[in-house]
Amino acid sequence: MTKPFDLVVHGATGFTGRLVVEYLLQRYPAGGSLRWAMGGRSAEKLAAVRDELPFIQFEVDAALVVPDPGTPASLQALMGSPRLVLTTVGPYQLYGNELVAACAKAGVDYVDLCGEPAWMRRMIDAHEAQAKASGARIVFSCGF
């Protein structure tokens, strides 16, 4: 299945998310071999980050993904966009539950920077079977 993006950096307006965006820009400029987008809860904040980085050559709004993490329908809509969600939105035990569940259900790969082992155990117990069935790869503490 073809999706618009290879990955979405969820939490691109935060300190760590912005570092990830800057890294990707240096190595994978818009229109290159890696199709990626910035994601977060606020379109205005995402646009501000995009506009502060003058070397970004995004098509206007095309590379900004704004799911509502508290709304399952919004997260399911997000799952139609990327093959992988890279999230820097923590603490994960507060903000990661629904995202992991949505990725596991939709077969979308998931990576984070989590350092919360009790939460990771709960997510594995809750979503391992679904992730295996859908083909989603869930990778915690990637780069922690």
Side-chain angles (χ1 to χ4, degrees), residues 1-72 74-124 126-128 130-132 134-144:
M1 172 176 31
T2 303
K3 294 193 174 193
F5 303 112
D6 295 313
L7 75 95
V8 168
V9 179
H10 183 61
T13 61
F15 178 79
T16 305
R18 186 177 171 131
L19 290 175
V20 172
V21 166
E22 290 174 1
Y23 175 88
L24 288 170
L25 280 170
Q26 292 170 5
R27 283 149 186 86
Y28 304 100
S33 61
L34 183 70
R35 298 166 301 135
W36 60 278
M38 298 185 335
R41 295 176 295 184
S42 167
E44 293 79 22
K45 289 181 181 179
L46 286 168
V49 169
R50 179 195 60 208
D51 296 344
E52 288 170 12
L53 300 170
F55 53 100
I56 295 179
Q57 298 175 10
F58 286 130
E59 296 175 22
V60 176
D61 296 331
L64 303 180
V65 179
V66 186
D68 176 358
T71 307
S74 178
L75 287 175
Q76 286 306 315
L78 167 64
M79 296 301 116
S81 295
R83 294 181 349 183
L84 176 136
V85 172
L86 180 159
T87 180
T88 62
V89 180
Y92 297 94
Q93 61 188 334
L94 298 178
Y95 304 112
N97 298 328
E98 291 81 8
L99 186 57
V100 172
C103 286
K105 182 178 179 182
V108 172
D109 297 336
Y110 168 98
V111 296
D112 68 25
L113 304 171
C114 185
E116 304 165 40
W119 177 78
M120 291 184 276
R121 177 78 263 160
R122 285 195 309 276
M123 292 299 99
I124 292 167
H127 304 294
E128 180 178 24
Q130 181 71 62
K132 283 181 178 179
S134 71
R137 293 171 287 191
I138 309 297
V139 181
F140 302 111
S141 303
C142 182
F144 177 72

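The analysis underlying the following values was restricted to heavy atoms, covering all of them including side chains, and did not include hydrogens, waters or symmetry mates.
Considering OG of Ser33 and CG of Asp6, their distance stands at 8.0 Å, rounded to 0.5 Å. The distance from atom OG1 of Thr13 to atom CD of Glu52, rounded to the nearest 0.5 Å, is 10.5 Å. Taking CG of Leu24 as the start and CG of Leu7 as the end, the distance is 6.0 Å to the nearest 0.5 Å. Rounded to the nearest 0.5 angstrom, Tyr110 OH and Leu86 CG are separated by 9.5 Å. Note: Asp51 CG to Glu44 CD = 12.0 Å, rounded to the nearest 0.5 Å.
Checked by atom type and distance alone, the side chain of Glu116 never pairs as donor or acceptor with a backbone atom of Pro91 at under 3.5 Å. Listed for the Asp112 side chain is a donor-acceptor partner under 3.5 Å among the backbone atoms of Ser141.
Atom CZ of Arg137 has 12 or fewer heavy atoms from other residues, nucleotides or ligands within 6.0 Å.
The shortest non-hydrogen separation linking Val8 to Pro82 is CG2-CB, 3.7 Å. Contact record, Trp119 with Gly96: CZ2-C, 3.7 Å, taken as the closest heavy-atom pair. Pairing each heavy atom of Gly11 with each of Val89, the nearest pair is CA-CG2, 3.4 Å. In this structure, Ala101 and His127 approach most closely via the heavy-atom pair CB-CE1, 3.3 Å. Residues Cys103 and Ala136 approach most closely at O-CB, 3.5 Å, considering heavy atoms.
Scored by the side chain to side chain donor-acceptor pair (under 3.5 Å) test, Arg122 finds no partners at all (sequence neighbours excluded). The side chain to side chain contact (heavy atoms under 4.5 Å, CB included) check on Ser81 picks up Phe5, with sequence neighbours excluded. Judged as a side chain to side chain donor-acceptor pair (under 3.5 Å), and not counting sequence neighbours, Ser134 has no contacts.
When side chains are defined from C-beta on, Ile138 does not count as touching Met123, because their heavy atoms never get closer than 4.5 Å. Side-chain contact between Gln76 and Lys105: present, with at least one pair of heavy atoms (C-beta onward) separated by less than 4.5 Å. Asp109 is not listed as a side-chain neighbour of Val111, based on a closest heavy-atom distance of 4.5 Å or more. Side-chain contact between Trp36 and Leu84 is absent, with no heavy-atom pair separated by less than 4.5 Å. By the 4.5 Å heavy-atom criterion applied to side chains, Lys3 and Val108 are counted as neighbours. By the 4.5 Å heavy-atom criterion applied to side chains, Val49 and Met38 are counted as neighbours. In this structure the side chain of Met79 reaches within 4.5 angstrom of the side chain of Val85, judged on heavy atoms. Contact of the Val100 side chain with the Tyr92 side chain is not registered, since no non-hydrogen atoms from C-beta on lie closer than 4.5 Å.
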